[in-house]
Amino acid sequence: QVQLEESGGGLVQAGGSLRLSCAVSGRTFNNNGMGWFRQAPGKEREIVAAISWRGGTTGYADSVKGRFTISRDTAKNTVYLQMSDLKPEDTAIYYCAVSVFSSVSMRLTDYNYWGQGTQVTVSP
């Protein structure tokens, strides 16, 4: 079974930083892109950032460009999301996911494996 486990979430003051990690077990993904999504209560899940399997190309939602950075370490089967200058509107559960494609995908339906999520809360 493939499992994705997110970690690094928590409570942070506006303007602060957090680094999320997503560890993948059960299979080594070296031909699949990965992404980070978030979902606030009562809202639809939205993509935050995506990265190709090689890690050379990335994509970001307009709301996080310049503040968030996605990266991956294929040797460790781990993807990261460095979040800086956090804002209250960033508050959500953040999910890691694996794409069916090797390239960057910003479409939720292109992802087939999902983690359980980690809570990020940004206080004003």
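Predicted model only: the values in this text are computed from it and were never measured. Computed over heavy atoms, backbone and side chain alike; hydrogens, waters and symmetry mates excluded.
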Nearest-0.5 Å distance that lies between atom [atom1] in [X] and atom [atom2] in [Y]:
| X | Y | atom1 | atom2 | value |
| --- | --- | --- | --- | --- |
| S25 | Q3 | OG | CD | 4.5 Å |
| M83 | R38 | CE | CZ | 9.0 Å |
| N31 | W53 | CG | CH2 | 5.0 Å |
| W36 | C22 | CH2 | SG | 5.0 Å |
| S99 | N112 | OG | CG | 7.0 Å |
| M34 | I51 | CE | CD1 | 9.5 Å |

Plane angle bin for Y111 and F37 - parallel if under 30°, tilted between 30 and 60°, otherwise perpendicular: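 Correct class here is perpendicular.
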Measure across [X] and [Y] and return the closest heavy-atom pair with its distance rounded to 0.1 Å.
| X | Y | value |
| --- | --- | --- |
| G8 | T118 | N-OG1, 4.4 Å |
| A14 | P88 | CB-CD, 4.2 Å |
| Q119 | I93 | OE1-CG1, 3.2 Å |
| I70 | G35 | CD1-CA, 4.4 Å |
| S105 | D110 | OG-OD2, 2.6 Å |
| R72 | T74 | NE-CG2, 3.7 Å |

Residue pair R27, Y113: steps toward the side-chain contact (heavy atoms from CB on, under 4.5 Å) verdict: CA-CA 11 Å; R27 186 192 301 179; Y113 293 105; 3.3 Å; yes
Co-membership, hydrophobic cluster, residues L18 and L4, 4.5 Å side-chain: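 Yes, L18 and L4 fall within the same hydrophobic cluster.
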Taking [X] for its side chain and [Y] for its backbone only, find out whether a donor-acceptor pair lies under 3.5 Å.
| X | Y | result |
| --- | --- | --- |
| T78 | K76 | yes |
| T91 | V122 | yes |
| E6 | G117 | yes |

Test item: T121 and V12 side chains (from C-beta on) under 4.5 Å apart, heavy atoms: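 They are not in side-chain contact.
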Sub-4.5 Å side-chain heavy-atom contact between V79 and V24: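 When only atoms from C-beta onward are counted, V24 and V79 do not touch, as no gap falls below 4.5 Å.
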Under 3.5 Å side-chain donor-acceptor pair for R67 and Y60: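 The answer is no; no qualifying pair exists.
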Between S52 and T57, a side-chain donor and acceptor under 3.5 Å: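 The answer is yes; a qualifying pair exists.
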Salt-bridge criterion met for D62 and K65 (N-O under 4.0 Å):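 So D62 pairs with K65 through a salt bridge.
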Test log, rule side-chain contact (heavy atoms from CB on, under 4.5 Å), inputs F68 and D90: CA-CA 11 Å; F68 291 11; D90 295 319; 4.0 Å; yes
Within 45° cone of Y80 ring axis and under 6.0 Å: R19 NZ or CZ: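 Relative to the ring axis of Y80, which defines the angle, R19 lies inside both limits.
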Y95 six-ring centre to R45 NZ/CZ under 6.0 Å and within 45° of normal: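 So R45 does make the cation-pi contact.
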Verdict with supporting geometry, V98 and V2, side-chain contact (heavy atoms from CB on, under 4.5 Å): CA-CA 10 Å; V98 179; V2 176; 5.6 Å; no
Test log, rule side-chain contact (heavy atoms from CB on, under 4.5 Å), inputs L81 and T69: CA-CA 6 Å; L81 184 68; T69 301; over 6 Å; no
Within 6.0 Å of CD in E46, more than 12 heavy atoms from elsewhere: yes
Whether over 12 other heavy atoms sit under 6.0 Å from E44 CD: no
